[in-house]
Amino acid sequence: MTTDKTVTAPDGYVQPELDVRALTEVLDGEYAEIRDLVRTNLVTYASVLEEADGLGTDAYRERVRELVVEMAATGQTGMGFPKRYGGGGDVGASIAAFETAAFGDLSVLVKTGVQFGLFGGAILHLGTERHHDAYLPDLITGKLMGCFAMTETGHGSNVQALGTVARYDAAAQEFVITTEGDQARKDYIGNAARHGELAVAFAQLEVGGKSEGVHAFVVPIRSGGEVVPGVDIEDDGRKMGLNGVDNGRIRFDGVRVPRDALLNRFADVTPEGIYKSTIDNPDRRFFTMLGTLVQGRVSVGGAGVNAAKVALAVATKYALRRRQFAAGSQEEEQLLLDYGLHQRRLLPLVARTYALHFAQDVVRTQLHDVFSGVEDDPQARRRLEARAAGTKALGTWHATRTIQECREACGGAGYLAVNRFAALKADSDIFTTFEGDNHVLLQLVAKGLLTDYASEFEDLDQLGMVRYVTNLAVETVIEKTSAHKLLERVRDLLPGGDEWDQEAGLLDSEYQLAMVRYREEHMLAGVARRLKAGIDRKRDAGAVFSEVQDHVIAVAHAHIERLVLEAFVEKTRTLPEGGNKVALGLLCDLFALSTIEADRAWFMEHGRLTVQRSKAITREVNDLCRKVRPLAGGLVDAWGIPSAMLRAPDLVG
């Protein structure tokens, strides 16, 4: 199947033919079968998109719960669980299913994530066989609904400081779970307000009067639909979006649970009250426990990218139908996408969406390898945690920006609730916050860069990271980073010595990669030097870190953008010769050069971009937009979004 005929321009440029079906196969990759199952389910239950507008909150929540259970029966939601309990035994497939489900109603998506990703994932990864046998069979079918009770009113991102306490009563061989004040109240907890029967509650474990840090416990919160004694639940009420998810607040007043309620994969308490763990260092133990839940970040990052695809598909299709103003002497008005400005608004976002899609492929594969035991190196797990954090941040910020731009690009028609924009904006906005605030996640990325994922990685809080870095020579920090080694290799390949970046071709992927690698290396060196200078002046480590925090975020952002570009370049290189490879090459160039253009001030400040070359990049971006424009319809069709999910008849036709 092709969408465009070959066209030769006066300058000799040959427009590629796009094979949409083959491109969809490239994008779906090894998980085409599970993605098609999800697409089928989305179409089957497409009515929920309209029901979300018409139903009251309670009825909408019940409808979402019904759909989650019905989709579970198809096998869509259980792919990540062991086969012996009724799952699919394929972690990568579970992420692919979740990503694809983001084409549909996002309340259904998030309810699925809470039930099977967070609640189920905690039982699977933090528990042992006794917990798996007791809960997984009914959990996977949706018969047993649960919630993930981590976040507290006073402790959002700072999980180590949670205020809920679990004290071990050796005489009764029970843990006593208590909410210590209003700041320790569990809040924004999905499945809590209506449907959850169990909570995986995170609390400070106290054994014999000694605190052993945060651990997870299985705590009943309802029985027969009624809240159990000692548990108090409030409804969070209506939210900006996702009103099909029953978020609530939970307080525990001396709730007693048996000793085996502790999810004990990494630590346990004997009947007599002796604490035991295979991981001696409490900080390392804490980060190991949290690291098992990294799949939530990978899932949300992919969901954000796919939500952006829906918005771009609607806006692009509209721009290929809607005419506005006559151009020149012709009688017929001009298509929106024929305007250079409209191309500039949408097509770099299409390119970035493709780039993030391929970056998501990489992090999903890493997750699958680590969780399946293919890759068991501790540093591989740390690299996964950092990459997942950064990819989630960039993917969800991209969704927020893209959905807004696409709504504006559809004018007043885009503001009508019958289209997807209202729901997409309202429901996806929180993606930048949950599974980790994006700025906090980028600090995790920077920590990995500055410490080179050292063995001390888990032990270091922010101040520990500052001290670690300042105990090294700045050159040592830089030498440790892969960015430095890659940059040296690129300099060796290109002529011109230190002037290589003024001579290389703009469409040379090695030039593009070298530019983003140089930016990352230079920023990293700057952070390391500023940290060291502050400590050398005997200043407080916390104050020093606070002053360089903006640079810390910038270097993490630059690092992830470099990884995204590398993923796109590598994917393009592996494709067979033909129109699709040429088309993806255009998109890859557009992503790379628009990324450099967006940060041109930095590159010019640091001597990597002349005024003339900066202008040349802008001209090239405009030219790439013109070349991508005839392919735009096929490029968004290749995402394989079911037409029923676009829900914008007046916009897409």
Next item on the list: Could you tell me whether R297 and E385 have a side-chain N and a carboxylate O separated by less than 4.0 Å?
Entry: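 So R297 does not pair with E385 through a salt bridge.
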Next item on the list: Would you mind checking if R517 and E521 are paired as a salt bridge, meaning a charged N to carboxylate O distance below 4.0 Å?
Entry: no
Is the backbone of [Y] close enough, under 3.5 Å, to the side chain of [X] for a donor and an acceptor to pair up by distance?
X    : Y    : value
K571 : L584 : no
R382 : G448 : no
H559 : L449 : no
H357 : N306 : no
D138 : L144 : no
R185 : T153 : no
T24  : A638 : yes
E152 : T164 : yes

I need the minimum non-hydrogen distance between [X] and [Y], along with the two atoms involved.
X    : Y    : answer
H195 : D246 : N-OD2, 2.9 Å
A388 : V298 : CB-CG2, 3.6 Å
K581 : T572 : CE-O, 3.3 Å
M645 : L42  : CE-O, 3.3 Å
N191 : Q115 : ND2-OE1, 3.5 Å
M71  : N41  : CE-O, 4.2 Å

Note to self: Students often mix this up, so state it plainly: with edges at 30° and 60°, are the rings of F568 and F358 parallel, tilted or perpendicular?
What the structure shows: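 Plane angle between 30° and 60°, so tilted.
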Checklist line | Partner set under ring-ring contact (aromatic ring centres under 6.0 Å, His included) for F202, not counting sequence neighbours | finding: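 Partners of F202 under the ring-ring contact (aromatic ring centres under 6.0 Å, His included) test: F148.
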Notebook entry, point to check: Taking only residues two or more places apart in sequence or in another chain, which ones pass ring-ring contact (aromatic ring centres under 6.0 Å, His included) with Y85?
Noted result: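 Partners of Y85 under the ring-ring contact (aromatic ring centres under 6.0 Å, His included) test: none.
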Next item on the list: Assess whether side-chain contact (heavy atoms from CB on, under 4.5 Å) is satisfied between R573 and S509, documenting all intermediate values.
Entry: CA-CA 10 Å; R573 286 173 176 169; S509 59; 2.9 Å; yes
Is any side-chain heavy atom of [X] closer than 4.5 Å to a side-chain heavy atom of [Y]?
X    : Y    : answer
K186 : L162 : yes
T40  : P642 : no
H132 : L139 : no
F81  : I123 : no
L242 : F434 : yes
R265 : M289 : no
F98  : V38  : no
W397 : T432 : yes

Atom [atom1] in [X], atom [atom2] in [Y]: separation rounded to 0.5 Å?
X    : Y    : atom1 : atom2 : value
I403 : K309 : CD1   : NZ    : 13.0 Å
R352 : L356 : CZ    : CG    : 6.0 Å
K111 : N247 : NZ    : CG    : 9.0 Å
T100 : I34  : OG1   : CD1   : 8.0 Å
T128 : F266 : OG1   : CZ    : 11.0 Å
E197 : Y135 : CD    : OH    : 11.5 Å

Note to self: Tell me every residue that passes side-chain contact (heavy atoms from CB on, under 4.5 Å) with R401, counting only those two or more places apart in sequence or in another chain.
What the structure shows: L349
Next item on the list: Output, in order, the C-alpha distance, side-chain angles, deciding distance and verdict of ring pair (Phe, Tyr, Trp, His ring centres under 6.0 Å) for F119 and F116.
Entry: CA-CA 6 Å; F119 173 59; F116 305 103; 9.3 Å; no
Note to self: Tell me which one of T396, L109, V305 satisfies side-chain contact (heavy atoms from CB on, under 4.5 Å) with V300.
What the structure shows: T396
Item checked: Check against ring pair (Phe, Tyr, Trp, His ring centres under 6.0 Å), H215 and Y275 -> CA-CA 12 Å; H215 292 65; Y275 179 80; 5.5 Å; yes
Checklist line | side-chain contact (heavy atoms from CB on, under 4.5 Å) between Y31 and I95, intermediate numbers included | finding: CA-CA 10 Å; Y31 298 114; I95 305 296; over 6 Å; no
Next item on the list: Could you verify whether a donor N or O on one side chain and an acceptor N or O on the other, from Q295 and H125, lie under 3.5 Å apart?
Entry: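 The answer is yes; a qualifying pair exists.
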Item checked: Audit row: L106, F431, side-chain contact (heavy atoms from CB on, under 4.5 Å) steps and yes/no -> CA-CA 11 Å; L106 295 183; F431 285 16; 4.2 Å; yes
Note to self: Assess the residue pair I560 and V445 against the criterion (side-chain contact (heavy atoms from CB on, under 4.5 Å)); give the C-alpha distance rounded to whole Å, side-chain angles, the decisive distance to 0.1 Å, and a yes or no.
What the structure shows: CA-CA 8 Å; I560 298 299; V445 175; 4.2 Å; yes
Item checked: Criterion salt bridge (charged side-chain N to carboxylate O under 4.0 Å, His left out) on R364 and E30, from CA distance to verdict -> CA-CA 12 Å; R364 186 196 321 105; E30 62 188 299; 5.7 Å; no
